[in-house]
Structures are given as structure tokens and as C-alpha cells.
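Each residue takes its place number in the sequence, starting with 1.
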Amino acid sequence: MRYDLVIFDNDGVLVDSEPISNRLLADYLTELGHPTTYEESVRDFMGSAMHRIHELVGERTGQALPADFDDTFHRRVFDAFRRELVAVDGVVEVLKRLVADGVPYCVASSGSHERIRVGHRTTGLDAYFPESVVFSAEDVGRGKPAPDLFLHAAERMGVPPARCVVVEDSPLGVRAAVAAGMDVHGFTAMMPPERLPGANGYFAHMDELPGTLGM
């Protein structure tokens, strides 16, 4: 293993949440008078923190989203997660391999701590991610594509950025990892490689990840 820490994104990498959350986001924005398709939601918001949604809608329309937007959206998402959410195919086997090999890992997500917890409890991934290895954009001032979250995770885990590798599936996440001075491998289950420029490598299924990490 050529890295001392594996940093996982959460949505779309650990839990198969992106189809659910982007469907609901597109529906909610459309409901509020900002027509948005599922494809546009994936393109513009996948991998971003909530503040980016507010910023982009404000820039494009000159209108602010409702004050209760975040709470309403999260309630809808969490209800859907409890009904539909599953772990990404093959990721449990990857985590078991890391545990068996004694390789440290953590999660650094644009989502809130509550969103991470709901997803992990629903899918059983909470068994692999105690609170001590869970980091959220809530913990730092700026979310992805700023490097702050990944640098925060590395510092808390006691590993220099150059010894970390990030597993990401969004353009914003790849940009954040590169800005943090970390290697990054792009997961292309939803996003083609050309939408993830700057990654050190790409893989389409989790069973390919150990090989790309040099395990």
C-alpha cells in the first residue's frame, strides 16, 4: 500500500445516494419556480455543500431560496434514504480489505454530519465509520472545491497530505483533492472520466479500487 490514509467521499462513493438526492433536489427547485432537470442537478450540484445551491440559484435568478430550504430538503432526502438507500456495490468488501490490511481510512463529505449518519445507519456502514473518522463540510469554513475539508481530515488523522489518497466521484471533489496536494482516484459510476479532470486514475467499479491503490 503506497498511501498512509484513504479518504472517501460519501455520497456516490460509499452510499448510492446521488440518484436519490439529485432527483429530489431537481423536483424541489422546480417546485419553487426554478425549473431544474435531474441531469442539470447532477451537473451543477453533485458533490457540493448546501451553500453552493443557494449561491448558484441566487446568481442565476437574483432570488433567494426560502429560509427553510435546507431543513425541508434534508427531511425529504432522509425519508427517501430510509426507504431506498443502499451501500455502493462492492464498497463493503473494500472496507473489509482496508481493515484486514491495517490501512487507516476516513470519510470527508460535503454533506452534514446528520446526512452522513442517516446514510451509514441505513446501510450498515456505521460499523466501519465511528465518529472519530467522519468529517463534514460543517467542520470547516469552506466546502469543496476548496481543499479545507480534506486538509482538516488529514490533520485530524495525523497524516501529511502527500501521503493521502482521495476517492471521489464529483468534479468539485477532485478539484478539492488536487488543491489539497493529494492523489485522487475518480469513481466513474455516474460521472465520465472527462468530467473528472486532474484525477490520478479512474475506476468504474469498487472491485477495481484496491488495484488502483496498490493494495
Any donor-acceptor pair under 3.5 Å from [X] side chain to [Y] backbone:
X    : Y    : answer
D16  : A87  : no
S109 : S136 : no
E138 : H113 : yes
Y105 : Y128 : yes

May I have the step-by-step check of side-chain contact (heavy atoms from CB on, under 4.5 Å) for L25 and T36, ending in yes or no? CA-CA 8 Å; L25 179 56; T36 305; over 6 Å; no
D183 vs R2, test: salt bridge (Lys or Arg N to Asp or Glu O under 4.0 Å). Steps then yes/no. CA-CA 11 Å; D183 281 359; R2 60 180 183 269; 5.4 Å; no
Using the rule side chain to side chain contact (heavy atoms under 4.5 Å, CB included), only one of S110, S170, S17 pairs with D11; which is it? S17
From L209, D207, V15, L14, residue fulfilling side chain to side chain contact (heavy atoms under 4.5 Å, CB included) relative to V91: L14
Once you measure the plane-to-plane angle for F73 and F69, does it fall in the parallel (<30°), tilted (30-60°) or perpendicular (>60°) bin?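 Taking F69 first and then F73, their aromatic rings lie parallel (interplane angle under 30°).
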Taking the six-membered ring for Trp, are F203 and F187 parallel (under 30°), tilted (30 to 60°) or perpendicular (over 60°)? parallel
Minimum-distance pair of heavy atoms, taken over all atoms of [X] and [Y]:
X    : Y    : value
P161 : L151 : CG-CD2, 3.7 Å
V13  : M206 : O-CE, 3.3 Å
T122 : L85  : CG2-O, 4.0 Å
E114 : F78  : CD-CE1, 3.4 Å
F150 : E168 : CZ-OE2, 3.5 Å
V174 : G198 : CG1-C, 4.1 Å

Can you tell me how far apart [atom1] ([X]) and [atom2] ([Y]) are? Round to the nearest 0.5 Å.
X    : Y    : atom1 : atom2 : result
H185 : L213 : NE2   : CG    : 5.5 Å
D89  : H205 : CG    : NE2   : 4.0 Å
R142 : D148 : CZ    : CG    : 4.0 Å
E93  : L98  : CD    : CG    : 12.0 Å
M191 : Y202 : CE    : OH    : 12.0 Å
Y28  : I53  : OH    : CD1   : 11.0 Å

Would a 4.5 Å heavy-atom cut-off, applied to side chains only, mark [X] and [Y] as touching?
X    : Y    : value
K144 : L149 : yes
R97  : M215 : yes
R117 : D126 : no
Q63  : V57  : no
V178 : R175 : no
R195 : V42  : no
L125 : L95  : yes
D9   : V166 : no

Is the positively charged end of R156 above the ring of F135, judged by distance under 6.0 angstrom from the centroid and angle within 45° of the axis?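 Pair R156/F135 does not count as cation-pi.
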How far apart are the C-alpha atoms of M50 and L65, what are their side-chain angles, what is the distance that settles it, and do they pass the side-chain contact (heavy atoms from CB on, under 4.5 Å) test? CA-CA 11 Å; M50 290 299 293; L65 291 170; over 6 Å; no
Considering only NZ, NE, NH1 and NH2 on the basic side and carboxylate oxygens on the acidic side, decide whether R76 and D27 come within less than 4.0 Å. no
Just do the side-chain contact (heavy atoms from CB on, under 4.5 Å) check on V118 and H74 with the steps written out, would you? CA-CA 11 Å; V118 170; H74 283 137; over 6 Å; no
With a 6.0 Å cut-off (strictly less than), is the heavy-atom count around CD of E155, excluding the residue itself, greater than 12?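 Open.
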In one Ile/Leu/Val/Met/Phe/Trp/Tyr side-chain cluster, 4.5 Å: [X], [Y]:
X    : Y    : value
L172 : M182 : no
F8   : V86  : no
Y38  : L56  : yes

Carefully, step by step, assess L5 and R163 under the rule side-chain contact (heavy atoms from CB on, under 4.5 Å). CA-CA 7 Å; L5 178 65; R163 299 296 305 159; over 6 Å; no
